[in-house]
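First comes the structure, then the notes that go with it.
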Number of protein chains: 2
Amino acid sequence: MERKTPNIQDIARLAGVSTATVSRAISTPSVVSEATREAVFDAVRRTGYQINLTARNLRRRRTGAIVVMVPDLGNPFFSRILAGIEHVAAPAGFSVLIVDTKQPHAEEGQLFTYLHNTRADGLISLDGSLPRALLERLDGSNGLPPIVFACEWMAGGLFSKVVIDNAAGAAMAVRHLHNLGHRRIGHVRGPQGNVLTSARLQGTRAALKELGLQIVPEWFFDGDFSLQSGVAAARAWLALQERPTAVFCASDQMACGFISELSMEGYSVPRDVSVVGFDDIDIARRFIPPLTTIHQPRNDIGAEAAKLLIERIGTGMVAAPAVHEVLPVELVARQSSGPAAPLVPY
Amino acid sequence: MERKTPNIQDIARLAGVSTATVSRAISTPSVVSEATREAVFDAVRRTGYQINLTARNLRRRRTGAIVVMVPDLGNPFFSRILAGIEHVAAPAGFSVLIVDTKQPHAEEGQLFTYLHNTRADGLISLDGSLPRALLERLDGSNGLPPIVFACEWMAGGLFSKVVIDNAAGAAMAVRHLHNLGHRRIGHVRGPQGNVLTSARLQGTRAALKELGLQIVPEWFFDGDFSLQSGVAAARAWLALQERPTAVFCASDQMACGFISELSMEGYSVPRDVSVVGFDDIDIARRFIPPLTTIHQPRNDIGAEAAKLLIERIGTGMVAAPAVHEVLPVELVARQSSGPAAPLVPY
DNA sequence: AGCTAGTATGTAATCGATTACAAATTGCAG
DNA sequence: CTGCAATTTGTAATCGATTACATACTAGCT
């Protein structure tokens with residue numbers, strides 16, 4: 001048994017060549033002669049040699065890793081996006097490093113070490129609320145790694161991003177409800193200050209206005225994308241004197257929480273109120289009733305973001321213009337939305 | 001603007017000391033004099049110097065990263081476990097690297113490069129079906145990194161693991177149904193060959209036997225933990241002449257799929273059949289009806305696994321005996337399970 | 001003053017690869 | 001047989017930190 005893992009020197013000795021040749025045989029086989037190549041590969045096989053990536057990366061001035069910043073790892077919404085990222089990054093030779101930005105240890109100082117280019121060659125952020133100060137120092141300008149946002153983004157358009165048309169999605173949801181005959185439509189918002197919240201809110205407002213429907217402030221409920229906040233919205237809905245007959249929730253999780261709470265209180269969806277979600281998470285089609293929602297291609301978002309980032313890393317990340325990719329959304333009509341009840345209760 | 005990021009030499013020059021002193025000022029501040037320390041820190045501040053982790057890691061012969069192997073990143077069951085791992089690993093100075101073992105690129109050869117110690121200092125696997133051949137070469141013996149399994153594990157007890165008592169959990173579920181008066185109890189299995197599948201199946205069988213209930217083969221449905229397989233099990237249940245009055249599903253996802261499909265066919269839970277799940281995923285408490293299930297402390301599982309691994313990495317990973325940690329599960333009774341109907345229909 | 005112990009710093013080797021440059025070898029045309 | 005280009009290989013510098021060892025200096029004691 002070896003005392004330690006073999007290194008390139010050991011291979012060189014065994015194959016009777018220099019380390020330079022070993023390196024070449026491994027990285028650019030075409031430039032070494034048939035015979036030497038075989039000798040080297042044979043030595044590699046015999047020893048089980050594995051290249052030391054740390055050393056290679058040091059010399060090549062790269063890390064072979066990309067960091068993904070996730071607002072909340074516990075939220076299943078992100079799982080498929082991560083899968084999409086991993087699906088593209090791994091074959092391209094990049095490891096995927098994940099950071100939960102909402103963890104207490106992820107304060108500005110800590111985050112910066114992740115962004116720094118000795119840790120990763122690039123960064124994908126699913127969190128649009130990273131401290132500005134942090135990012136201004138980044139994105140290629142100072143030799144620091146390129147950044148791509150996905151799902152969420154930062155105002156200003158400075159950074160590349162892969163997103164969906166949130167306003168359009170929201171408008172689709174509202175129009176769908178309108179088509180079903182609903183004229184009193186409410187909305188459960190995402191968390192304050194979130195870009196998705198404002199985009200979906202704005203889309204909702206615009207569609208309501210366009211359809212000539214009134215915008216009733218009491219019908220706009222606070223939320224934060226979580227199940228629990230959907231529950232809270234349902235309680236608020238129950239407390240209303242005049243209730244909207246349909247509610248568009250800015251996330252499926254909130255829609256589930258909303259329906260669940262109403263159901264516990266003896267109300268039924270869509271009989272008593274129609275509900276539309278946003279995201280099309282896995283459970284949506286199997287919720288009871290199955291959720292009408294705006295489908296987001298989560299896998300593709302992750303994959304596209306990774307593709308974009310890796311491209312940037314490859315091109316020496318010179319201050320290329322930011323790319324803004326917008327992926328399509330579609331309405332998936334299921335059973336949580338139905339025709340509006342006649343104006344006068346039967 | 002600098003042409004490139006500053007390195008330790010630049011700091012040394014600026015502070016008027018040697019690189020050795022800079023290194024010491026940063027890693028072990030107590031051994032340098034007050035004055036020098038200040039000079040160094042000042043230079044660091046002025047330049048925005050960030051240590052090059054690749055170089056440090058090369059010299060220290062470590063990577064500062066741990067790899068987590070996830071059977072299916074798209075499955076939300078794993079999200080909280082990842083969060084638990086990240087929560088412990090990040091403050092301890094380890095980055096978390098994730099690999100989806102079910103991706104096509106994750107073949108044996110590829111996987112091995114992840115396991116190799118130039119990539120990571122240790123490995124947490126949530127996948128109990130890694131190729132044996134792969135693992136036999138690992139776990140400290142050859143200077144390769146230590147491994148901890150979490151949730152799933154590999155038969156043989158060679159590796160450390162953090163798990164729950166799956167058989168006990170299954171037995172709790174069965175006993176709960178028995179207490180409610182059910183005498184005809186079925187089970188939806190996990191995927192073939194999975195350790196969780198067999199443990200939960202075995203626990204189910206044992207409890208049935210202990211309670212003097214019959215074990216009817218037709219009441220044991222195939223599944224693979226997914227929503228869709230729960231749907232399939234529901235169809236199988238519907239097709240039966242003699243149906244069990246209660247079904248224990250080996251995962252919440254299957255339980256949701258099962259209930260959902262029955263509901264679409266006009267059946268209602270728990271009126272027509274009681275259902276118990278396993279895992280207590282986030283949506284469980286908000287499903288309709290809220291799911292009775294076996295609660296797994298997913299966050300803790302991840303955190304414990306990370307703690308264990310990091311400990312091992314710290315102690316130079318000499319062939320320490322494998323540690324097998326078993327975390328407690330508990331039954332959470334909600335509304336998907338109810339009293340058995342009287343033997344003769346009303 | 002002379003000696004010891006302790007503190008602070010510098011010199012240079014080292015981690016394990018990559019690669020610019022030089023040198024050696026081979027092939028072939030003239 | 002000579003000369004030149006093309007191919008293959010080796011030498012040694014390099015990436016950016018850490019650390020063993022050596023050295024310089026200070027303080028305290030006899």
Side-chain angles (χ1 to χ4, degrees), chain A residues 2-41 43-44 47-64 93 113 116-121 143-144, chain B residues 2-41 43-44 47-64 93 113 116-121 143-144:
Chain A
E2 277 87 338
R3 192 82 260 123
K4 58 181 199 61
T5 65
N7 62 17
I8 199 171
Q9 313 256 19
D10 300 325
I11 302 302
R13 202 173 315 117
L14 241 91
V17 296
S18 73
T19 61
T21 301
V22 174
S23 176
R24 281 186 286 249
I26 291 168
S27 315
T28 44
S30 63
V31 306
V32 297
S33 74
E34 174 78 30
T36 355
R37 203 187 315 148
E38 276 318 311
V40 170
F41 286 171
V44 168
T47 54
Y49 168 73
Q50 287 275 325
I51 201 162
N52 182 315
L53 292 176
T54 307
R56 162 180 284 184
N57 288 337
L58 173 60
R59 182 60 228 249
R60 290 199 175 158
R61 299 156 145 283
R62 55 168 310 221
T63 71
T113 71
H116 193 264
N117 61 0
T118 65
R119 198 93 180 168
D121 298 328
L144 287 161
Chain B
E2 276 88 340
R3 193 81 258 123
K4 57 180 200 62
T5 66
N7 62 18
I8 200 171
Q9 313 256 19
D10 300 325
I11 302 301
R13 202 173 317 120
L14 241 91
V17 297
S18 74
T19 61
T21 302
V22 174
S23 176
R24 281 186 286 249
I26 290 168
S27 313
T28 45
S30 63
V31 306
V32 297
S33 75
E34 175 79 29
T36 346
R37 205 186 314 149
E38 275 318 312
V40 170
F41 286 171
V44 168
T47 54
Y49 168 73
Q50 287 275 325
I51 201 163
N52 183 315
L53 292 175
T54 308
R56 163 181 282 183
N57 288 337
L58 173 59
R59 183 58 228 249
R60 289 196 174 161
R61 298 154 146 286
R62 53 160 335 225
T63 70
T113 71
H116 194 264
N117 61 359
T118 65
R119 199 90 180 169
D121 298 328
L144 288 161

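We name chains A, B, ... by the order of the sequence lines, and we start the count at 1 in each one.
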Report summary line: From CG of B:Asp10 across to P of D:dC15 the rounded distance in Å is 11 Å

Query raised in the report: Looking only at side-chain N and O atoms, does A:Thr54 come under 4.0 Å of OP1 or OP2 in C:dA17?
Result: no

**Report entry** Spacing of B:Arg13 atom CZ relative to D:dG16 atom P, expressed in whole Å
**Finding:** 12 Å

Query raised in the report: Whole-Å distance between D:dT18 P and B:Asn57 CG?
Result: 10 Å

Report summary line: OG1 (B:Thr63) and CZ (B:Arg61) are apart, to the nearest 0.5 Å, by 13.5 Å

Query raised in the report: What nucleotide, of C:dG16, C:dT9, D:dT11, holds the atom closest to the side chain of A:Ser18?
Result: D:dT11

**Report entry** Donor-acceptor under 3.5 Å (A:Asp10 side chain, A:Arg13 main chain)
**Finding:** no

Report task. Without swapping roles, check the side chain of A:Ser27 against the backbone of A:Arg24 for a donor-acceptor pair under 3.5 Å. Result -> no

**Report entry** Euclidean distance, atom CZ of residue B:Arg60 to atom C1' of C:dT14 [Å, nearest integer]
**Finding:** 14 Å

Query - B:Asn52 side-chain N/O to D:dG16 phosphate OP1/OP2 under 4.0 Å - result: no

Report summary line: The residue, B:Thr19 or A:Leu58, whose nearest nucleotide of DNA chain D is more 5′ is A:Leu58

Requested in this report: For A:Ile11 and C:dT18, give me the distance from atom CD1 to atom P, rounded to whole Å.
Outcome: 12 Å

**Report entry** Rounded distance (nearest 0.5 Å) linking atom OG of A:Ser30 with atom CZ of A:Arg37
**Finding:** 7.5 Å

Report summary line: Of the listed D:dA12, D:dT19, D:dT9, the closest approach to the B:Ser23 side chain comes from D:dT19

**Report entry** Spacing between A:Glu38 atom CD and D:dT8 atom P, to the nearest angstrom
**Finding:** 15 Å

Requested in this report: Would you mind classifying the nucleic acid contact of B:Ser33 as base, sugar-phosphate or nothing, using non-hydrogen atoms under 4.0 angstrom?
Outcome: sugar-phosphate

Report summary line: When rounded to the nearest 0.5 Å, the distance separating CG of A:Asp121 from CG of A:Asn57 is 7.5 Å

Query raised in the report: Can a donor-acceptor pair under 3.5 Å be found between the side-chain atoms of A:Arg61 and the base atoms of D:dG16?
Result: no

**Report entry** Rounded distance in Å - CZ (A:Arg62) to P (C:dT19)
**Finding:** 11 Å

Query raised in the report: Reckon B:Val22 touches a base, only the sugar-phosphate, or nothing at all at heavy-atom distances under 4.0 Å?
Result: nothing

Query raised in the report: Taking the nucleotide of DNA chain C with the closest heavy atom to each, which residue, B:Arg59 or B:Ala35, is nearer the 5' end?
Result: B:Ala35

Query - Side-chain N or O of A:Thr36 closer than 4.0 Å to phosphate OP1/OP2 of D:dT9 - result: yes

Query raised in the report: A:Thr21 side chain N/O closer than 4.0 Å to the phosphate oxygens (OP1, OP2) of D:dT8?
Result: no

Query raised in the report: How many Å lie between CD on B:Gln9 and C1' on D:dA17, as a whole number?
Result: 9 Å

